[in-house]
Amino acid sequence: MRGDILLCDLDAFYASVEQLDHPELKGKPVIVGGLHGNRGVVAACSYEARAFGVRSAMPTVVAKKLCPQAIIRPVNMKRYQELSAKVLNIYESFTPLIEVVSIDEAYLEVGKGRGVITGTEIRKAVQKELSLAVSIGVSSNKLLAKISSNLAKPNGLKALWPKDAPQVLGGYSVRIIPGVGPKTADFLKSFGIDNISELSKYPIGWFRNHLGARGIELFNYVNWVDERPLELNREQKSIGREITFTEDISDKEKLLAILNELSQEVGYRLRKTGFKAKTLSIKIRFPDFTTITRSKTPGYLLYTDGDLFKIAKTLFEELKLVKPLRLIGVTVSNLDKELQLSLFTEEEKNEDKLAEVIDRINEKFGNGTIKRCGGKG
DNA sequence: AGAAAGCGTCTCCCCCAA
DNA sequence: CTAGTTGGGGGAGACGCT
């Protein structure tokens, strides 16, 4: 039997960091993101801004109408990553069983019956050491931990166990279930289903018939059954870069030049993380917002800027575009770390192999089993 | 009604081979 | 010999997060 599951979610993370780094913003409506000519959207906003109806993903022009006095800050991803790492360090001092979901969110597993006390201590530690608020949901599975973390916000902790869930959650919209977005909610509404207790009346066959494999998962969820284990070593599956132009672009040469830039940026990040890619996709958005992607898996591993751009260019030209574009992007996926031919020098290669061997042995027999004698490490 | 970033992952569908 | 099944890979788009 596994232990208690915690979902730790930093409150209004980007906005809170801005308020932390710029104390004059404390207590004020803050919007992070939202620049980019007049085409920006809100990436994150403080609770003071939310009081005016401002939300993530809202166009800045709309947010400004709702809250003209909001202070708009650019995204400073490096800083957020730095603080996120510090938060993870604190989590690690409580348990080694951590699944990092995103920059501001992680599942933790602790001893059975220890969830509430550990969660309370974690909240205190993060507040004391980093001055950040973290909301925590506690349960015996990931689903209810996630849902109760949302009920705990802002700056709270809530435990919710499967036996209490029907009573506590029955009246809430089906949208509280992660994975039930606007489309699924609309579909359910066409059957007159709005809230959790209505949905939970349907038998498994109904879910299977109407929603397939996803439906069976949803049936389990709405009965508060969720056996998903924590994924402790999640590896990145794709690397991408995209840009929305401040004004639509139709010039093909210009678009190709931008595609080249983006390919180089993706190539740099690919090599920096030691991956090679099997697949490259380009993404294109037209002024009317219709978005398409096209991808290619050329049969050899991609890692040089030249190869990335070559494929991107081919995909772009195959589209025979005539309309102007609003956005263009490049993404690589099917990442491969094993079969890579190193770009490093021979010496660095040996250095890497040695590091790898040491890592393997320590993994197998425990840390500190072997170490390097002097030199690097 | 009008406005809509930049990441990333998931899921559906198709095709092919065993 | 033919039809159905399964599993993997590729491609496209939906979805979710700040």
Side-chain angles (χ1 to χ4, degrees), chain A residues 7 9-18 30-46 49-50 54-66 72-77 79-81 83-84 100-106 146 149-150 175 177-187 211-218 228 231 234-246 262 265-266 269 277-299 315 318-319 326-336:
Chain A
L7 189 278
D9 193 331
L10 294 157
D11 290 355
F13 183 44
Y14 297 177
S16 299
V17 174
E18 294 302 325
V30 174
I31 288 173
V32 180
L35 299 172
H36 207 278
N38 51 359
R39 290 181 152 179
V41 300
V42 175
C45 56
S46 68
R50 292 182 197 196
V54 177
R55 295 289 180 273
S56 284
M58 183 179 271
T60 310
V61 286
V62 176
K64 270 183 177 164
K65 262 182 200 151
L66 292 169
I72 303 183
R73 302 278 315 162
V75 175
N76 183 0
M77 198 52 81
R79 176 68 177 139
Y80 310 148
Q81 267 159 0
L83 274 170
S84 174
V100 180
V101 178
S102 67
I103 193 164
D104 79 316
E105 207 175 310
K146 170 77 178 166
S149 81
N150 287 327
R175 290 291 305 275
I177 296 184
V180 176
K183 300 249 169 178
T184 312
D186 275 357
F187 175 78
L211 296 162
R214 281 185 55 226
I216 292 171
E217 187 177 64
L218 183 56
R228 289 172 301 165
E231 290 177 48
R234 280 171 70 151
E235 284 220 315
Q236 193 168 21
K237 296 186 174 172
S238 67
I239 298 174
R241 184 79 177 84
E242 69 186 51
I243 184 168
T244 298
F245 314 129
T246 47
L262 298 177
E265 289 180 39
V266 169
R269 285 168 60 197
K278 283 203 281 187
T279 305
L280 183 142
S281 315
I282 63 168
K283 172 173 170 181
I284 277 166
R285 177 169 292 153
F286 299 102
D288 71 355
F289 228 72
T290 55
T291 307
I292 60 172
T293 61
R294 291 294 181 267
S295 61
K296 221 180 186 61
T297 305
L315 287 166
E318 280 171 1
L319 284 170
R326 181 191 178 92
L327 168 152
I328 197 164
V330 174
T331 297
V332 291
S333 56
N334 277 314
L335 302 183
D336 195 329

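Below, chain A is the first sequence line, B the second, and so on; all start at residue 1.
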Counting any heavy atom closer than 4.0 Å, what does [X] reach on the DNA or RNA strands: base, sugar-phosphate only, or nothing?
X      : answer
A/F289 : base
A/S102 : nothing
A/N38  : sugar-phosphate
A/V61  : sugar-phosphate
A/L35  : nothing
A/S56  : base
A/A15  : nothing
A/I103 : nothing
A/G33  : nothing
A/R55  : nothing

Protein-nucleotide distance ([X], atom [atom1]; [N], atom [atom2]), rounded to Å:
X      : N      : atom1 : atom2 : value
A/R175 : C/dG16 : CZ    : P     : 7 Å
A/I292 : C/dA14 : CD1   : C1'   : 15 Å
A/Q236 : B/dG6  : CD    : P     : 18 Å
A/E231 : B/dT9  : CD    : P     : 11 Å

message: Strictly below 4.0 Å: does A/H36 bring a side-chain N or O up to OP1 or OP2 of B/dA4?
response: no
- request: Output yes when at least one side-chain N/O atom of A/T297 is less than 4.0 Å from OP1 or OP2 of C/dG11, else no.
  value: yes
query: Donor-acceptor pair, A/T290 side chain versus A/F286 backbone, under 3.5 Å?
result: no
